[in-house]
Amino acid sequence: MVKNDVLERGLECDVFIGAGLVDLYCKCGRLGDARNVFDKMWDKDVAVWNAMVAGLSQSLEFGEAVEVFRSMWMCGGVEVNSVSLLNLFPAICKLSSVGLCKCVHGYVIRRLFPNSVVNGLIDVYSKCGRPDLAYRVFELMHEPDDVSWGTLMAGLALNGCHNEVLELFDQMMNYRLNVNIVSVVSALSAAGETKDLKKGKMIHECVKKNKFDSDIRVSTPLITMYAKCGELEKALDLFHKLSGKDMVACKDHVLWNVMISAYTRHGRSQESISTFHQMKSNGFSPGLVTFVSVLPAVAYLAAIKEGTSLHGEIIRMGFLSHNTVCNTLIDMYSKCGRLDYAELVFNEINDKDNVSWNVMLAGYALNGLGDCAFDFFTLMQENLVEIDPVSFVSVLSACRHAGLVNEGKRVFALMKEKHNIEPKLEHYACMVDLLGRAGLFDETLQLIESMPMEPDAGVWGGLLGACQMHSNVKVAELALDNLVKLEPGNQAHYVVLSSIYAESGRWADAKSLRMKMSESGVKKTPGRSWVNENRDLPVLEG
DNA sequence: TTAGGGTTAG
């Protein structure tokens with residue numbers, strides 16, 4: 001009614017009344033009306049321009065918001081102020097316009113704007129994927145405040161610059177600056193991502209000192225940090241301690257997912273599965289990510305019964321339309337040795353992505369069906385599926401298991417020639433294994449010579465294994481020489497060579513090798529060569 | 001003015 005009055009009397013051109021109307025229409029979501037009034041006004045002050053930009057931005061008309069801002073800036077005859085810039089920032093973020101951000105940046109440094117605007121600039125650069133420029137803005141600030149630190153750290157964390165976040169946290173500690181919740185949360189997430197438990201514990205101390213530990217925004221990243229660093233007991237302890245009204249709200253389904261995926265990743269499959277069941281008995285409904293997190297644990301245990309029951313649940317919940325879930329199911333079934341079920345799931349995917357194909361291919365390779373894998377690989381090419389380095393690992397390892405030497409060689413050549421993919425270490429390791437098992441030692445050594453990178457223990461270890469199959473003492477000595485340099489203290493390699501000597505009747509060499517082992521401090525603890533931790537932790541005597 | 005956490009293939 002008031003609005004109609006104003007319109008009938010033609011008062012909307014008045015700068016104050018017009019500004020009120022633009023603001024009012026925008027807030028009611030009547031953008032067209034706001035624009036009408038705005039366009040009719042011949043004398044616009046900065047508040048009207050700002051209201052129009054804010055209105056457009058809030059109505060998700062980001063391009064239009066930027067256009068109006070440009071007109072104000074270029075020919076509006078008014079001075080752009082802090083509010084104008086703060087209204088513009090969300091639009092720049094959504095359009096991810098680094099160019100526009102740079103224009104504004106220039107303007108901001110030519111004139112003195114308050115920290116709120118400069119902090120906004122840091123935020124915008126980060127959200128446009130330019131943490132480097134965000135950092136530069138921060139460095140040139142006269143007096144960065146705690147919000148500036150928090151904004152920069154959150155921005156760097158967003159862009160995966162986790163080490164830089166932790167460095168900033170250290171600086172804050174060293175300078176004894178005020179740490180706020182935002183910087184602590186960013187630092188916790190960075191510590192989790194880099195699995196830096198020591199740093200994580202330090203941040204936890206700081207959390208306690210500042211009494212942030214009762215804040216729901218801190219407890220989740222805190223638990224996640226412990227879970228990612230492998231301290232599952234600590235994470236679980238904090239998880240169970242969450243109590244009180246707010247805390248229970250924060251013990252939500254994502255936090256359950258954090259625990260489930262942490263157990264899975266740390267090989268604690270049984271606990272992963274039992275946490276999944278606990279989640280349900282606590283009244284939380286598993287989501288897509290929950291299934292994707294628990295299924296690898298099922299695969300690890302080859303717990304097919306659990307797997308099919310999860311499959312049923314996935315169907316009932318309608319998650320079968322998500323490729324991620326189907327791909328994980330295929331993987332689970334093939335690791336349980338049920339390629340028939342894996343194929344069933346694969347065939348039912350309407351829009352197979354290259355991961356779907358890769359998982360299925362890996363399934364054939366894993367189950368030792370070299371010919372199937374090879375045919376499937378051909379089918380992938382016929383279907384113009386994107387072949388990537390992972391596909392080649394699978395098909396090469398399938399050739400290796402099946403002893404398909406010529407096919408393997410052809411595929412290896414194809415990598416570079418047809419698909420323009422440079423073979424990586426793992427591809428070379430497959431080929432060394434394949435050629436070595438076939439007893440083609442000259443060819444294998446030539447291949448190792450031709451590698452553009454330093455062969456790793458996997459490559460030499462494959463060669464040593466092949467030497468054992470063919471009792472090739474000469475090449476085995478060469479392989480061992482290199483293995484000793486790469487993994488001093490791993491007794492398994494010596495044991496292999498020693499048995500090759502023994503098989504060839506070279507008892508004296510076998511004996512002197514054992515002597516060498518005990519001299520160099522390598523202890524012979526038989527039969528645990530598959531234990532991964534032995535690779536990094538040489539067992540020393542004394 | 002800053003603000004979290006979960007996901008598939010070798």
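Note: hydrogens, waters and symmetry copies are ignored here, and every other heavy atom, side chains too, is used. We name chains A, B, ... by the order of the sequence lines, and we start the count at 1 in each one.
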Please list residues of [range] whose heavy atoms come under 4.0 Å from any atom in DNA chain B, ordered by number; otherwise none.
range                       : answer
residues 129-145 of chain A : none
residues 329-354 of chain A : A/D331, A/K335
residues 359-386 of chain A : A/V359, A/A362

Listing request: all salt bridge (charged side-chain N to carboxylate O under 4.0 Å, His left out) pairs with a residue in [range], at least two apart in sequence or in separate chains.
range                       : result
residues 272-281 of chain A : A/K280-A/E313
residues 338-366 of chain A : A/R338-A/D340
residues 385-405 of chain A : A/R400-A/D433
residues 179-197 of chain A : A/E193-A/K228

The side chain of [X] is closest to which nucleotide in this list: [options]?
X      : options              : answer
A/V393 : B/dG10, B/dA3, B/dT8 : B/dG10
A/S261 : B/dA3, B/dA9, B/dT7  : B/dT7
A/S116 : B/dT1, B/dG5, B/dA3  : B/dT1
A/V258 : B/dT7, B/dA9, B/dG5  : B/dG5
A/V147 : B/dT1, B/dG5, B/dG10 : B/dT1
A/V254 : B/dA3, B/dA9, B/dG5  : B/dG5
A/S397 : B/dG6, B/dG10, B/dA3 : B/dG10
A/E426 : B/dG5, B/dA3, B/dG10 : B/dG10

Over all strands shown, is [X] touching base, sugar-phosphate only, or nothing at heavy-atom distances under 4.0 angstrom?
X      : result
A/D146 : nothing
A/L288 : base
A/V185 : sugar-phosphate
A/S189 : sugar-phosphate

Open item on the list: Ignoring hydrogens and geometry beyond distance, is a side-chain donor-acceptor pair present between A/E306 and A/H311 at under 3.5 Å?
Closed with: no
TODO: Calculate the interatomic distance between A/D123 atom CG and B/dT1 atom P; express it in whole Å.
DONE: 11 Å
Going by the rule salt bridge (Lys or Arg N to Asp or Glu O under 4.0 Å), which residues pair with [X] if we only count those two or more places apart in sequence or in a different chain?
X      : answer
A/K208 : A/E205
A/R111 : A/E79
A/D132 : A/R130
A/K102 : none

What side-chain donor-acceptor pairs closer than 3.5 Å can you find for residues 150-164 of chain A, not counting sequence neighbours?
unit_1 : atom_1 : unit_2 : atom_2 : d
A/T151 : OG1    : A/V147 : O      : 2.6
A/N159 : ND2    : A/S126 : O      : 3.0
A/N159 : ND2    : A/G155 : O      : 2.9

TODO: Using a cut-off of strictly less than 4.0 Å, decide whether A/R265 has a side-chain nitrogen or oxygen near OP1 or OP2 of B/dT8.
DONE: yes
- [ ] For atom OH of A/Y300, decide whether the heavy atoms of other residues, nucleotides or ligands shown that lie under 6.0 angstrom number more than 12.
- [x] no
